[in-house]
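Single-structure report; data block below.
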Amino acid sequence: MTQKHKVVVIGSGNWGSTIGKILAENTREHSDIFEEDVSMWVFEEDVDVPDDRTLREQLGDKPVKLTHAMNTTHQNVKYLPGIKLPDNLVANPNLQDTVRGATILVFNLPHQFMSKTLEQIKGNHLPYARAISGVDISGGTVKLYSELIMEKLGIYCGSLSGANIASEVAAENLCETTIGYDGPPMDYKQPDGSSRDNLIKVDKQRQSKSNPSQLALHPVPQTYPHVDSALLEKLFGRPYFIVQVVRDVSGVALGGALKNIVALAAGFVAGKGWGENTKAAVIRIGILEMVRFGCLWFPQSVDERTFTKESAGIADVIASTSAGRNFHSACHAVEQGVTVDEIEKKELGGQKLQGTSTTRAVFEFLKKQGQLEKFPLFVFVYDILEERTTMDALPDLLIKGSKVTA
Ligand SMILES: NC(=O)C1=CN([C@@H]2O[C@H](COP(=O)(O)OP(=O)(O)OC[C@H]3O[C@@H](n4cnc5c(N)ncnc54)[C@H](O)[C@@H]3O)[C@@H](O)[C@H]2O)C=CC1
Ligand SMILES: O=C(CO)COP(=O)(O)O
């Protein structure tokens, strides 16, 4: 192997900065495989300098550009304050410049900005790059991020999720994560026996019943180390961040997205002050609906039992229904008698909730499919968000939720 992989991060929020930290720690540790510097695309904005003597000595007390603040202090003062980032993680406000020449793209964007960002990347990336995305569902057809990225950029994309509350991972508290990656193996053969350098036909998501289609993939030149589970473990794994790589890309993505709906439901219950038994009942029904959703549209993920076996499943539900932003925001919304959207604006300092948009996307999808009655909890969360019902309807939901059997 004569070339090193160039790794970049797209997005620099609470989680984006955390994963950027991990990647930069690893590229430095494995500088025989990866270029040491990790470029991170930062959506440029003016930020206030926190009331901290060291930061103000470095930055002054007037608002500054976020990229300047990050490259000067090696902290993301807005989205991940108080955490030291490695100095080989370099903030770049120019998206096209960030992705140019990168062989591994790691996406961490709130869904609101995904499509526009992909449009801007298109044509500026290497055709044989590989990607790993955070998770969400977008649009009325339930398209996973990984599918969207493959479709828009024509590059292979896996997914990453797990019980990973960003602030805890950033503080290096021990946790696990799951990477779904099913890219072509090193010894793949072209079905027609033609040259290995020709485009490779792969299933976009071998599990997806909703969008079965193929992608013509450019092979990674053989001068680079092969992108496989061993390489991904080197890139993402830390002593405090245990990585398990599985082939079930959709299962990882699905668990990571749907659990946010359950986290909102748990937060509503906590906001009402109804205690742990009620929360457990809601989580139980939520888990059944997540599995039911998988059975209907991603049956192979259910067969592979990613949901019960890996961190990107029940473990993520447990963490997110106790400590996630969706949970806390839903709780505060009920306590204060306002909507979750209002809490997001008021309390999250620019961070974005994904549970609200996922709930709306899933509702539209289920409605189109005529399957709303099989998902009473998902519908309930939607109705609360849209102020079409109140928490007083919860006992009714629990009865309904218990009766859905298939
Ligand atoms: N925070 C957490 O604990 C975890 C978050 N995730 C997921 O990671 C993904 C990214 O979320 P976070 O990094 O937490 O972000 P965040 O919610 O903390 O921050 C918002 C991000 O949006 C960016 N932004 C604002 N306006 C923009 C615009 N017009 N165009 C492009 N970007 C813009 C900001 O620069 C910032 O990076 C989400 O899907 C989230 O669910 C996954 C695991 C844990
Ligand atoms: O995804 C998470 C934990 O895995 C946390 O999600 P939120 O903090 O956005 O609710």
Side-chain angles (χ1 to χ4, degrees), residues 9-22 40-47 65-67 69-70 76-81 83 91-93 95 98 106-121 132-138 144-146 148 159-171 173 175-178 241 252-253 255-267 310-331 340 343-345 347-359 361:
V9 186
I10 324 283
S12 59
N14 192 235
W15 179 243
S17 302
T18 303
I19 207 78
K21 170 178 177 293
I22 289 173
M40 172 185 253
W41 175 62
V42 174
F43 175 74
E44 189 67 294
E45 57 186 304
D46 290 324
V47 293
K65 297 284 177 218
L66 181 54
T67 48
M70 286 178 77
N76 186 335
V77 294
K78 177 162 181 182
Y79 294 104
L80 192 63
I83 297 293
N92 187 339
L95 180 58
T98 304
V106 180
F107 284 87
N108 296 285
L109 287 171
H111 104 280
Q112 291 88 329
F113 311 120
M114 195 64 171
S115 288
K116 197 168 143 224
T117 306
L118 292 177
E119 286 305 327
Q120 291 169 352
I121 290 177
I132 295 289
S133 81
V135 289
D136 196 18
I137 290 175
S138 48
L144 307 171
Y145 269 180
S146 43
L148 192 70
S159 53
L160 179 150
S161 83
N164 301 147
I165 306 290
S167 53
E168 296 181 20
V169 182
N173 296 342
C175 73
E176 301 177 300
T177 203
T178 316
F241 195 63
V252 172
L258 295 178
K259 65 103 203 305
N260 285 329
I261 310 180
V262 186
L264 287 173
E310 308 301 338
S311 183
I314 286 188
D316 196 7
V317 172
I318 293 168
S320 301
T321 54
S322 315
R325 298 173 299 186
N326 286 286
F327 168 76
H328 286 303
S329 300
C331 177
V340 177
I343 294 289
E344 180 183 26
K345 283 198 197 90
E347 295 186 359
L348 286 191
Q351 295 185 33
K352 304 282 179 207
L353 293 178
Q354 301 299 278
T356 45
S357 50
T358 301
T359 304

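Keep in mind that the numbers below use all heavy atoms, side chains included, and drop hydrogens, waters and symmetry copies. Throughout, numbering of the chain's residues begins at 1 and tracks the sequence. In listed order, ligands and their atoms are each counted from 1.
The protein heavy-atom contact nearest to atom 11 (O) of ligand 1 is Arg325 NH2, 4.2 Å. Closest to atom 34 (C) of ligand 1, if we only count protein heavy atoms, is Tyr79 OH, 3.4 Å. The protein heavy atom nearest to atom 1 (O) of ligand 2 is Lys259 NZ, 2.9 Å. Protein heavy atom in closest approach to atom 10 (O) of ligand 2: Asn326 ND2, 2.7 Å. Looking at atom 7 (P) of ligand 2, its nearest protein heavy atom turns out to be Arg325 N, 3.4 Å. When hydrogens are left out, the protein atom nearest atom 5 (C) of ligand 2 is Ile165 CD1, 4.0 Å; that is the closest non-hydrogen contact. The protein heavy atom nearest to atom 3 (O) of ligand 1 is Ala166 N, 2.8 Å. Of all protein heavy atoms, the one lying nearest to atom 1 (N) of ligand 1 is Asn14 OD1, 3.0 Å. The nearest heavy-atom contact from the protein to atom 5 (C) of ligand 1 is Trp15 CB, 3.3 Å. With respect to atom 6 (O) of ligand 2, the closest heavy atom belonging to the protein is Asn260 OD1, 4.1 Å. Closest to atom 17 (O) of ligand 1, if we only count protein heavy atoms, is Lys352 N, 2.6 Å. Given atom 23 (C) of ligand 1, the protein heavy atom at minimum distance is Phe113 CE1, 4.1 Å. Looking from atom 44 (C) of ligand 1 to the surrounding protein, the closest heavy atom is Asn164 O, 3.0 Å.
Using a distance-only test at 3.5 Å, with no hydrogens or angles considered, no donor-acceptor pair links the side chain of Ser161 to the main chain of Ala253. Side-chain atoms of Lys116 do not come within 3.5 Å of backbone N or O of Phe113 as any donor-acceptor pair. With hydrogens and angles disregarded, a donor-acceptor distance shorter than 3.5 Å links the side chain of Thr178 to the backbone of Ala312. Under a 3.5 Å cut-off, the side chain of Ser311 and the backbone N or O of Ala163 do form a donor-acceptor pair. Although no hydrogens or angles enter the test, the distance criterion places a donor-acceptor pair under 3.5 Å between the side chain of Asn326 and the main chain of Gly355. Here the side chain of Gln354 pairs no donor or acceptor atom with the backbone of Pro110 at under 3.5 angstrom. In this structure, the side chain of Trp41 does not engage the main chain of Val9 through any donor-acceptor pair within 3.5 Å.
Ligand-side atoms of ligand 1 in range of Trp41: 31 (C), range being under 4.0 angstrom from any heavy atom. Under a 4.0 Å criterion applied to the non-hydrogen atoms of Asn108, ligand 1 contributes the atoms 10 (C). Within ligand 2, counting atoms from 1 as listed, the ones closer than 4.0 Å to a heavy atom of Gly324 are 8 (O), 10 (O). Atoms of ligand 2 lying under 4.0 Å from any heavy atom of Ser320, numbered from 1 in the order shown and given with element: 2 (C), 3 (C), 4 (O).
The closest approach between a heavy atom of Gly350 and any atom of ligand 1 is below 4.0 Å. The closest approach between any non-hydrogen atom of Phe107 and ligand 1 is not below 4.0 Å. The shell of residues lying under 4.0 angstrom from ligand 1, judged by heavy atoms, excludes Gly11.
Using a 4.0 Å cut-off between heavy atoms, Gln351 contacts ligand 1 through both its backbone and its side chain. In Gln354, neither the side chain nor the backbone holds a heavy atom less than 4.0 Å from any atom of ligand 2.
For Gly162, a nitrogen or oxygen atom sits less than 3.5 Å from a nitrogen or oxygen atom of ligand 2, counting backbone and side chain alike.
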* What's the verdict on side-chain contact (heavy atoms from CB on, under 4.5 Å) for Leu118 and Tyr145, showing C-alpha distance, side-chain angles and the deciding distance? -> CA-CA 11 Å; Leu118 292 177; Tyr145 269 180; over 6 Å; no
(Q) side-chain contact (heavy atoms from CB on, under 4.5 Å), that's the test. Do Leu348 and Ser329 meet it? Break it down for me. (A) CA-CA 9 Å; Leu348 286 191; Ser329 300; 4.1 Å; yes
Worked check of side-chain contact (heavy atoms from CB on, under 4.5 Å) between Glu44 and Leu66
CA-CA 6 Å; Glu44 189 67 294; Leu66 181 54; 3.9 Å; yes
Item checked: Trace of the side-chain contact (heavy atoms from CB on, under 4.5 Å) decision for Ser12 with Met40 -> CA-CA 7 Å; Ser12 59; Met40 172 185 253; 3.6 Å; yes
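Taking only non-hydrogen atoms, the option from Ala319, Pro110, Gly16 nearest to atom 22 (O) of ligand 1 is Pro110. The residue among Leu109, Ile165, Thr358, Asn326 with a heavy atom at the shortest distance from atom 9 (C) of ligand 1 is Leu109. By heavy-atom distance, the residue among Leu264, Asp316, Leu348 lying nearest atom 4 (O) of ligand 2 is Asp316.
Separation of atoms CD (Gln351) and CG (Asn14) is listed at 4.0 Å; rounding is to 0.5 Å.
Between Asn164 and Thr177, the side chains place a donor N or O and an acceptor N or O closer than 3.5 Å (distance only, hydrogens not considered).
Taking 4.5 Å as the limit, some side-chain heavy atom of Ile121 sits within range of a side-chain heavy atom of Thr117. Put simply, the side chain of Leu160 reaches to within 4.5 Å of the side chain of Trp15, judged on heavy atoms.
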